[in-house]
Amino acid sequence: MSTAGKVIKCKAAVLWELNQPFSIEEIEVAPPKAKEVRIKILATGICRTDDHVKKGAIVSKFPVIVGHEATGVVESIGEGVTTVKPGDKVIPLFVPQCRECNACRNPEGNLCIRIDITGRGVLADGTTRFMCKGKPVYHFMNTSTFTEYTVVDESSIAKIDAAAPAEKVCLIGCGFSTGYGAAIKTGKVTPGSTCAVFGLGGVGLSVIMGCKSAGASRIIGIDLNKDKFEKALALGATECISPKDFTKPISEVLSEMTGDTVKYTFEVIGHLETMVDALASCHVNYGTSVVVGAPPSAKMLSFDPMLLFTGRTWKGCVFGGWKSRDDVPKLVTDFLAKKFDLDQLISHVLPFKNINEGFELLYSGKSIRTVLTF
């Protein structure tokens with residue numbers, strides 16, 4: 001493309017400091033260096049994790065461009081890039097896959113050593129590709145998709161089928177894959193089993209889709225907001241309950257409802273109390289509980305070790321356990337083959353400039369996933 005090798009001026013949503021709204025600014029995006037790729041973003045989803053940066057629950061340097069769930073097209077590549085070329089449709093990956101570290105080489109692993117969960121805010125060479133008003137702007141999770149153009153390391157990008165609709169498959173970059181994989185890959189839900197899902201946002205609904213796909217016979221959705229029940233039932237939940245309707249612990253409610261047969265529970269909220277509730281709610285001996293919701297930074301969890309001593313399994317789950325560069329293209333192919341429906345997860349589509357409105361929809365509980373288009 002004619003912009004290859006040149007600085008690109010474009011619009012981006014910059015967070016200048018904590019607890020401030022996004023500011024639409026003109027930024028400068030430097031060309032990709034060796035083993036880097038510059039992407040033109042086509043569509044990006046609003047995820048609760050982005051809000052965690054805004055509120056300080058996830059550590060980040062400021063100013064920063066967040067966003068990590070997107071579809072784009074390769075604009076240009078740096079020296080030594082071999083897996084994508086200009087014009088390829090791609091999904092940026094907040095969980096990279098370098099294919100060299102211990103986690104990447106292990107068949108069960110997916111937490112690549114190159115993931116930026118500590119808020120370094122720079123690419124592999126230790127520098128940023130963004131400038132605004134003469135100041136460097138930091139990256140987020142190796143992706144930074146709330147911008148018309150971004151630069152990522154080659155290990156943080158997956159080439160996908162050109163026929164895939166950008167405003168839908170962007171959800172495979174985070175929310176859908178995280179929830180669906182939590183059931184399929186991390187939890188390994190078995191046919192005929194009983195599951196309970198704590199939290200019925202976009203990721204929780206994706207967990208329900210995964211449980212259904214795996215053949216679970218009973219899927220119980222749990223949320224304080226009963227407005228979310230209709231959608232959960234449409235996607236595969238067999239019943240939904242609100243903890244506000246009971247005076248006893250939710251673990252006891254679920255035990256009585258199911259005759260003590262809940263084999264799998266999923267915490268998709270990110271609250272310490274519900275993580276313990278979900279653990280207590282799976283079977284005392286053979287139950288598995290999966291932590292899917294991002295936990296708040298610098299918080300410690302206290303729980304009764306007897307919950308584990310009796311035989312339960314407690315697991316964590318980043319990006320659904322998928323190996324990102326290997327599995328994201330396959331998930332896109334599965335979507336195109338109609339193995340799952342992403343339309344049900346997208347409640348709003350807004351132009352990128354309306355990003356603050358999209359976050360207000362998140363706070364109000366009225367949206368499942370809002371997708372911003374460019």
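Positions are given from 1, in the same order as the sequence printed here. This one's a predicted model, so the numbers in the text were calculated from it and none came from an experiment.
By the 4.5 Å heavy-atom criterion applied to side chains, Cys211 and Ser213 are not counted as neighbours. At a threshold of 4.5 Å between non-hydrogen side-chain atoms, the residues Ile172 and Ile91 count as touching. You'll find the side chain of Ser242 stays beyond 4.5 Å of the side chain of Ile222, heavy atoms only. Taking 4.5 Å as the limit, every side-chain heavy atom of Lys188 sits out of range of all side-chain heavy atoms of Thr288. A heavy-atom distance below 4.5 Å is found between the side chains of Leu233 and Cys240. Between Phe198 and Ile250, the closest side-chain pair of non-hydrogen atoms falls below 4.5 Å. At least one side-chain heavy atom of Thr147 sits under 4.5 Å from a side-chain heavy atom of Thr150. Phe319 is not listed as a side-chain neighbour of Leu111, based on a closest heavy-atom distance of 4.5 Å or more.
The residues Arg369 and Glu69 are annotated as salt-bridged, a charged nitrogen and a carboxylate oxygen being separated by less than 4.0 angstrom. Note on Lys366 versus Glu360: no salt bridge recorded, every NZ/NE/NH1/NH2 to OD/OE distance being 4.0 Å or above. Using a cut-off of 4.0 Å between Lys/Arg side-chain N and Asp/Glu carboxylate O, Lys55 and Asp51 are scored as salt-bridged. Using a cutoff of 4.0 Å between basic side-chain nitrogens and carboxylate oxygens, Lys11 and Glu148 are not scored as salt-bridged. In summary, Arg38 and Glu75 engage in a salt bridge, as defined by a charged side-chain N under 4.0 Å from a carboxylate O. The existence of a salt bridge linking Asp343 and Lys168 is confirmed by a sub-4.0 Å separation between a basic side-chain nitrogen and an acidic carboxylate oxygen. Checked for salt-bridge contact, Arg114 and Asp153 miss the test: no charged N lies under 4.0 Å from a carboxylate O.
Rounding to the nearest 0.5 angstrom, the gap separating the CE atom in Met209 from the NZ atom in Lys339 is 14.0 Å. One distance of note links CG of Leu372 with CD of Glu357; it measures 9.5 Å at 0.5 Å rounding. In this structure, the separation between CG on Leu345 and CZ on Phe176 is 7.5 Å, given to the nearest 0.5 Å. Rounding to the nearest 0.5 Å places CG of Asn102 at 7.5 Å from CD1 of Ile113. From Asp116, atom CG reaches atom OG1 of Thr143 across 9.5 Å, with rounding to the nearest 0.5 Å. Here the CD1-OG1 distance, from Ile8 to Thr3, works out to 4.0 Å after rounding to the nearest 0.5 Å.
What you find for Val290 and Gly187 is that their closest heavy atoms are CG2-CA, 3.9 Å. Gly192 and Ser217 get closest at one heavy-atom pair: O-OG, 2.9 Å. Shown here for Ile368 and Gln344, the closest heavy-atom pair between the two residues is CD1-O, 3.8 Å. Residue Pro96 comes nearest to Asn142 through the heavy atom pair CG-ND2, 3.6 Å, listed as atom of the first residue, atom of the second, then distance. Between Ala216 and Cys195, the shortest heavy-atom distance links the atoms CB-SG, 3.8 Å. Residues Arg129 and Thr127 come closest through the heavy atom pair NH1-OG1, 2.7 Å.
Between Lys159 and the options Val332, Val84, Thr83, Val74, a side-chain contact (heavy atoms from CB on, under 4.5 Å) holds for only Val84.
Judged by distance alone, with hydrogens and angles left aside, the side-chain atoms of Lys323 form a donor-acceptor pair with the main-chain N or O of Cys104 at under 3.5 Å. Judged by distance alone, the side chain of Glu154 and the main-chain N or O of Thr82 form a donor-acceptor pair under 3.5 Å. A distance-only check finds a donor-acceptor pair linking the side chain of Lys35 to the backbone of Gly80 [under 3.5 Å]. A donor-acceptor pair under 3.5 Å links the side-chain atoms of Arg312 to the main chain of Cys282, judged by distance alone. In this structure, the side chain of Asp88 does not engage the main chain of Ile160 through any donor-acceptor pair within 3.5 Å. At least one donor-acceptor pair under 3.5 Å links the side chain of Thr238 to the backbone N or O of Ile219. Proximity of a side-chain donor or acceptor of Thr258 to a complementary backbone N or O of Leu254 within less than 3.5 Å is detected. Listed for the Ser206 side chain is no donor-acceptor partner under 3.5 Å among the backbone atoms of Ser177.
Looking at Ser367 and Ser347, their side chains never bring a donor and an acceptor atom within 3.5 Å of each other. Side-chain atoms of His68 and Asp50 form a donor-acceptor pair, as typed in the model, at a separation below 3.5 Å. Gln97 and Ser155 share no donor-acceptor pair across their side chains, judged by distance under 3.5 Å alone. For the residue pair Ser144 / Tyr138, no side-chain donor-acceptor distance below 3.5 Å is found, with atom types taken as modelled. A donor and an acceptor atom, one from each side chain of Thr274 and Glu267, are located under 3.5 Å apart. For the 3.5 Å distance criterion, the side chains of Ser281 and Ser251 fail to qualify, holding no donor opposite an acceptor.
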Contacts table for residues 20-28: side-chain donor-acceptor under 3.5 angstrom, sequence neighbours left out:
residue	atom	partner	partner atom	Å
Ser23	OG	Glu25	OE2	2.7
Glu25	OE1	Lys133	NZ	3.4
Glu25	OE2	Trp16	NE1	3.0
Glu25	OE2	Lys133	NZ	3.4

Inset, instruction - Dump the intermediate steps for side-chain contact (heavy atoms from CB on, under 4.5 Å) on Phe374 and Thr44, then the final yes or no. - result: CA-CA 9 Å; Phe374 292 80; Thr44 182; 3.8 Å; yes
Inset, instruction - Begin from the C-alpha positions of His283 and Asp260 and carry the test side-chain contact (heavy atoms from CB on, under 4.5 Å) through to its verdict. - result: CA-CA 7 Å; His283 192 274; Asp260 198 24; 3.9 Å; yes
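In this structure, Val29 is a member of the same hydrophobic cluster as Ile77, with clusters built from ILVMFWY side-chain heavy atoms closer than 4.5 Å. Under the 4.5 Å side-chain heavy-atom criterion for grouping Ile, Leu, Val, Met, Phe, Trp and Tyr, Tyr264 is not connected to Ile220 through any hydrophobic cluster. The hydrophobic cluster containing Leu224 does not contain Tyr363, counting ILVMFWY residues as joined when their side-chain heavy atoms lie under 4.5 angstrom apart, directly or transitively. Note on Ile269 and Phe303: separate hydrophobic clusters, where clusters join Ile, Leu, Val, Met, Phe, Trp and Tyr whose side-chain heavy atoms are under 4.5 Å apart, directly or indirectly. Linking ILVMFWY side-chain heavy atoms closer than 4.5 Å, directly or via other members, places Ile184 and Val95 in a single hydrophobic cluster.
Around atom NZ of Lys54, more than 12 heavy atoms belonging to other residues, nucleotides or ligands sit under 6.0 Å away. Atom CG of Leu336 has more than 12 neighbouring heavy atoms from other residues, nucleotides or ligands inside a 6.0 Å radius.
Residues passing the salt bridge (Lys or Arg N to Asp or Glu O under 4.0 Å) test with Glu239, sequence neighbours excluded: Arg218.
Between Tyr180 and Phe340, the ring planes lie tilted relative to each other; the angle falls in the 30° to 60° range.
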